[in-house]
Amino acid sequence: MSTPGSLTTLHFRRLLLTGAAGGLGRELRGRLNAYCDTLRLSDIAELGDAAPGEELRPARLEDAAAMRALLEGVDAVVHLGGYSVEGPWEPILQANIIGLYNLYEAARVHGVKRVIFASSNHVTGFYRQDEVIDNRMPVRPDGLYGVSKAFGENLSRMYFDRHGIETVCLRIGSSYLEPKDRRMLATWLSYDDLERLVVAGLTAPVVGHTLVFGISDNATRWYDNRFAAHVGYRPRDSSDPFRPAVDARQPELDRSDPAVVYQGGVFVRTGPFD
Ligand code: 15L
């Protein structure tokens with residue numbers, strides 16, 4: 001059993017899950033309770049009723065005092081909260097930049113030593129679909145959302161270098177029940193593999209500051225995780241069984257469309273720019 005602020009290898013006294021009412025938050029809510037005594041859940045959206053072992057703590061990321069209170073007594077954080085698609089600058093600024101700063105400041109003040117940060121494939125969305133990239137290559141964000149996630153990767157690196165807070169940044173691909181289109185044959189991350197990835201990040205003895213691409217074991221792949229092998233994430237699912245159905249649904253691709261050329265898909269041409 002851990003003491004407050006220290007990290008155990010396999011079991012936590014209290015884990016915090018932010019963004020717990022979102023798509024991936026709802027998935028992890030029912031899974032992370034197996035790894036802790038208490039799962040503290042936060043969001044600004046409705047969280048429903050607390051199940052045994054859960055604590056509900058609604059909080060706005062941009063509210064520094066609320067974030068300070070939220071991180072008190074927490075062993076580790078799984079941070080899914082924030083603005084999760086391309087969009088206007090103001091909400092991205094509030095949630096993903098100011099909010100993330102508030103989260104790390106609260107972690108520093110309370111001595112929280114590990115964060116799993118939901119970054120995104122959109123940090124590197126302007127690499128082409130005929131390139132395979134690794135986590136040492138420069139970022140190429142495909143919009144303001146991608147830029148905000150790149151900020152998060154840099155902010156968390158600074159909090160590791162200055163304050164020793166370890167972070168695993170998950171560059172999540174497309175985590176859904178199943179891949180919806182041809183692009184997702186490369187970017188798909190099953191929910192079970194998402195759990196494996198988060199748990200590997202939480203429980204690896206030493207992670208420092210690590211960037212890892214969040215994808216399943218897909219045959220088509222644009223991401224090479226060899227420099228994140230120390231995290232010990234081993235995907236067990238694959239988009240391959242879905243390929244015939246996806247191909248049938250999307251038999252033709254317009255290769256003059258930037259969404260088909262670049263890894264970020266439609267995000268490369270979506271957003272606030274006219
Ligand atoms: C993301 O970062 C989004 O949060 C998610 O909604 C998906 O669109 C995903 O990327 C993707 O690229 O498919």
Side-chain angles (χ1 to χ4, degrees), residues 17-29 43-45 61 78-89 91-97 99-100 116-129 131-133 135 139-153 156 168-191 193-195 197-198 201 211-216 218 220-223 225 235 237-239 242-243 246 249-250 253 257-272:
L17 175 65
T18 70
L24 301 188
R26 288 195 304 272
E27 271 307 314
L28 288 180
R29 179 175 179 172
D43 209 304
I44 48 172
L61 293 166
V78 179
H79 181 55
L80 305 184
Y83 200 86
S84 65
V85 288
E86 183 57 16
W89 174 239
I92 290 176
L93 169 68
Q94 293 302 325
N96 295 8
I97 299 208
L100 197 72
I116 308 301
F117 167 56
S119 183
S120 169
N121 73 88
H122 297 288
V123 165
T124 51
F126 261 122
Y127 283 95
R128 295 168 52 94
Q129 296 193 7
E131 294 175 283
V132 176
I133 61 171
N135 65 2
V139 298
R140 295 185 70 172
D142 57 30
L144 298 178
Y145 166 64
V147 167
S148 76
K149 291 297 183 182
F151 167 84
E153 293 184 354
S156 56
V168 182
C169 298
L170 312 182
R171 287 180 174 171
I172 298 173
S174 309
S175 195
Y176 297 102
L177 203 53
E178 50 184 72
K180 298 177 185 177
D181 57 22
R182 295 265 286 269
R183 172 179 168 270
M184 289 191 193
L185 293 174
T187 60
W188 189 59
L189 174 68
S190 74
Y191 293 143
D193 281 343
L194 170 69
E195 177 184 350
L197 179 58
V198 168
L211 309 173
V212 53
F213 293 95
I215 46 164
S216 284
N218 308 324
T220 301
R221 76 180 59 203
W222 305 327
Y223 311 118
N225 266 332
D237 295 324
S238 166
S239 63
F242 300 97
R243 184 177 293 271
V246 169
R249 224 180 296 141
Q250 204 183 8
L253 288 176
D257 180 354
V260 173
V261 174
Y262 296 104
Q263 295 180 359
V266 292
F267 278 55
V268 307
R269 54 170 167 72
T270 308

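We count ligands from 1, going down the list as the structure has it; atoms in each ligand are counted the same way.
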Participant: Any atom of ligand 1 sitting under 4.0 Å from a heavy atom of Asn121?
Facilitator: yes

Participant: Looking only at heavy atoms, is any part of Ser120 under 4.0 Å from ligand 1, and if so is it the side chain, the backbone, or both, or is it neither?
Facilitator: side chain

Participant: Is Arg183 close enough to touch ligand 1? Criterion: a residue heavy atom under 4.0 Å from a ligand atom.
Facilitator: yes

Participant: Between Ser238, Ser175, Ser216, which is the residue that forms a side-chain hydrogen bond (donor to acceptor under 3.5 Å, both in side chains) with Asp193?
Facilitator: Ser216

Participant: So if I count the atoms of ligand 1 from 1 in the order they appear, which ones are less than 4.0 Å from some heavy atom of Ser174?
Facilitator: 11 (C), 12 (O), 13 (O)

Participant: What protein heavy atom sits nearest atom 10 (O) of ligand 1, and how far off is it?
Facilitator: His122 NE2, 3.1 Å

Participant: Show which atoms of ligand 1 fall inside a sub-4.0 Å distance from at least one heavy-atom site of Phe267.
Facilitator: 8 (O)

Participant: Verify the distance criterion only: is there a donor paired with an acceptor across the side chains of Arg183 and Asn121 at less than 3.5 Å?
Facilitator: yes

Participant: Return the option from Gly173, Ala118, Ser84, Gly264 holding the heavy atom at the smallest distance from atom 4 (O) of ligand 1.
Facilitator: Ser84

Participant: Given the ring of Phe151, does Lys149 sit roughly above its face, with NZ or CZ under 6.0 Å from the centre of the six-membered ring and within 45° of the axis?
Facilitator: no

Participant: Output yes when Arg269 and Asp257 qualify as a salt bridge under the 4.0 Å nitrogen-oxygen rule, no when they do not.
Facilitator: yes

Participant: Give me the ring orientation class for Tyr262 and Phe126: parallel if the planes are under 30° apart, tilted from 30 to 60°, perpendicular past 60°.
Facilitator: perpendicular

Participant: Ring centroid separation for Trp188 and Phe242, is it under 6.0 angstrom?
Facilitator: yes

Participant: Counting only heavy atoms, which portion of Tyr176 has something under 4.0 Å from ligand 1: side chain, backbone, both, or neither?
Facilitator: side chain

